[in-house]
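Let me begin by presenting the structure, written as C-alpha cells, before commenting on it.
Read the numbers this way: they start at 1 and go in the same order the structure lists the ligands and their atoms.
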Amino acid sequence: MKAQLPGLLMAYSEQGEGQPLLLLHGYPLSRRMWEPQLASLSGAARVIAPDLRGHGDTDAPPGPYSVDQLADDAAHLLDQLGLTTTPVVVGGLSMGGYVALAFQRRYPQRVAGLILAATRAGADSPEAQANRDKAAATAQAKGNAAIVDAMLPKMLAARTYTDRPEVVAEARAIMASAPVPGIVGTLAAMKTRPDSTAQLAAITQPVLVLHGADDVLIPPSEAEATARALPRARLVLIANAGHLLNLEQPVAFNAEVRTFLASL
Ligand code: MLT
C-alpha cells in the first residue's frame with residue numbers, strides 16, 4: 001500500500017486489528033524485515049510497517065535527512081490512517097529505534113509504549129560520524145553493493161551465518177533494495193541525531209528493550225544502559241541473535257512483543 005504524505009509517497013504494510021503497533025525498520029533495510037512480525041503479531045495488534053524515507057518502495061528524495069524528519073513522516077502516515085488521537089506502540093530496530101525515540105520526544109501523547117530493539121540512546125561519536133561520511137562516499141562511488149558487503153558480516157550472530165543460510169540470504173536481499181540517495185540521506189540522519197540519553201528518564205510509557213545477545217554492531221551493554229535509565233523498562237537479551245534479532249529469532253522476539261502488548 002502507498003500513502004501520499006506531504007512531499008513523500010510512502011509505502012507501508014498493514015495487517016491486523018486492535019492496538020496499533022508501528023514498526024520502524026533499521027538501515028539500510030526496509031519493511032520487508034518485519035515480515036515475521038506482520039505474519040505473527042497481526043493476531044494481536046494492528047501492525048503498521050512503513051518503508052522509511054529513502055528505503056524500500058518509498059521515495060528517496062535527495063538528503064540530508066534527519067531523525068526528526070523520519071519521525072514526522074511516521075506521524076503523517078498515522079494521520080493518514082486515522083490514528084490522530086489513538087496512542088500507538090512504536091517499535092524500532094537500530095536506526096528505527098533512533099526514529100522511535102525522536103517520535104517519542106516530538107509526539108509523547110501519541111505513544112502508548114515503546115519497543116527499542118538493537119538500538120542505543122546516545123549520539124554518534126566523532127569517529128562514528130567520520131565513518132558515516134566514509135560510507136556515504138563509498139555508496140556514491142561504488143553503489144549499494146559496497147555498503148551491503150561491508151555491513152552484512154556484522155548484522156547477524158556467528159551461528160546464524162553458519163546454520164541459517166536462508167536468513168543470511170534474506171538479510172542480503174533486503175539490504176540490496178536500498179537506493180544510494182536513500183543511503184546517503186539516512187547516513188546524514190544518523191550522524192546528526194541528538195543524544196537521547198537524558199530523554200530516557202522522562203519517558204513515562206512502558207518500554208520493552210530487546211537486544212540480541214550476540215549483537216556486534218551495537219553491543220548488548222547499550223540495551224542494559226538504556227533499560228537502567230528508563231523508569232518503566234523490561235530488558236530481554238535474546239540468545240543466538242545478532243543485530244537483526246527479529247529475523248534471527250522471530251519466535252522469541254514475537255513472544256516478548258505479544259506479552260508486552262497484553263500488559264498495556
Ligand atoms: C542500523 O542497523 O539501523 C544501523 O546500522 C544503525 C547504525 O548504523 O547506527
Side-chain angles (χ1 to χ4, degrees), residues 23-34 37 49-56 58 60 63-67 69-71 73-74 90-103 115-139 144 146-157 160 167-168 170-179 182-197 209-212 214-223 225-226 238 241-248 253:
L23 293 178
L24 306 174
H25 61 78
Y27 156 91
L29 298 142
S30 76
R31 72 190 197 278
R32 180 170 157 186
M33 67 163 269
W34 296 120
Q37 283 65 51
D51 282 343
L52 297 174
R53 177 182 289 260
H55 290 81
T58 289
Y65 310 157
S66 70
V67 288
Q69 184 181 36
L70 298 174
D73 290 341
V90 182
L93 182 135
S94 199
M95 183 263 289
Y98 309 156
V99 178
L101 285 168
F103 188 95
I115 301 167
L116 299 176
T119 195
R120 53 158 52 102
D124 269 8
S125 64
E127 186 192 352
Q129 290 186 325
N131 286 336
R132 303 288 189 201
D133 293 338
K134 281 188 208 152
T138 301
N144 161 301
I147 299 294
V148 177
D149 287 346
M151 287 192 73
L152 187 60
K154 298 182 229 153
M155 295 297 256
L156 304 167
T160 306
V167 175
V168 183
E170 176 68 359
R172 177 183 280 285
I174 299 171
M175 293 166 77
S177 72
I183 288 174
V184 173
T186 306
L187 284 164
M190 294 191 290
K191 175 185 166 181
T192 59
R193 76 185 189 279
D195 188 338
S196 301
T197 309
V209 182
L210 295 175
H211 215 94
D214 303 328
D215 191 338
V216 292
L217 211 58
I218 298 182
S221 57
E222 293 282 355
T226 296
I238 295 188
H243 195 56
L244 299 185
L245 62 158
N246 69 303
L247 277 179
E248 298 178 81
F253 186 98

(message) Taking side-chain hydrogen bond (donor to acceptor under 3.5 Å, both in side chains) as the definition, give me every residue that meets it alongside Asp124, ordered by chain and number, with sequence neighbours left out.
(response)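 Partners of Asp124 by the side-chain hydrogen bond (donor to acceptor under 3.5 Å, both in side chains) criterion, ordered by chain and then number, come out as Arg132, Arg193.
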
(message) My understanding is that only residues two or more places apart in sequence, or in another chain, count here; which of them pass side-chain hydrogen bond (donor to acceptor under 3.5 Å, both in side chains) with Gln69?
(response) none

(request) For Ala102, check side chain to side chain contact (heavy atoms under 4.5 Å, CB included) against everything at least two apart and list the hits. (result)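 Here the qualifying residues are Val67, Asp68, Ala71, Arg105.
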
(request) Output the set of protein residues with a heavy-atom contact under 4.0 Å to ligand 1, ordered first by chain identifier and then by residue number. (result)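 Within 4.0 Å of ligand 1, the protein residues are Gly26, Tyr27, Ser94, Met95, Tyr98, Arg132, Met151, Met190, Leu217, His243.
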
(request) Please work out which of the three classes, parallel, tilted or perpendicular, describes the rings of Trp34 and Phe253, given edges at 30° and 60°. (result) tilted

(request) Could you tell me whether the side chain of Ile218 reaches within less than 4.5 Å of the side chain of His211, counting heavy atoms only? (result) yes

(request) Run the salt-bridge test on Asp149 and Arg172 with the 4.0 Å N-O cut-off and return the result as yes or no. (result) yes

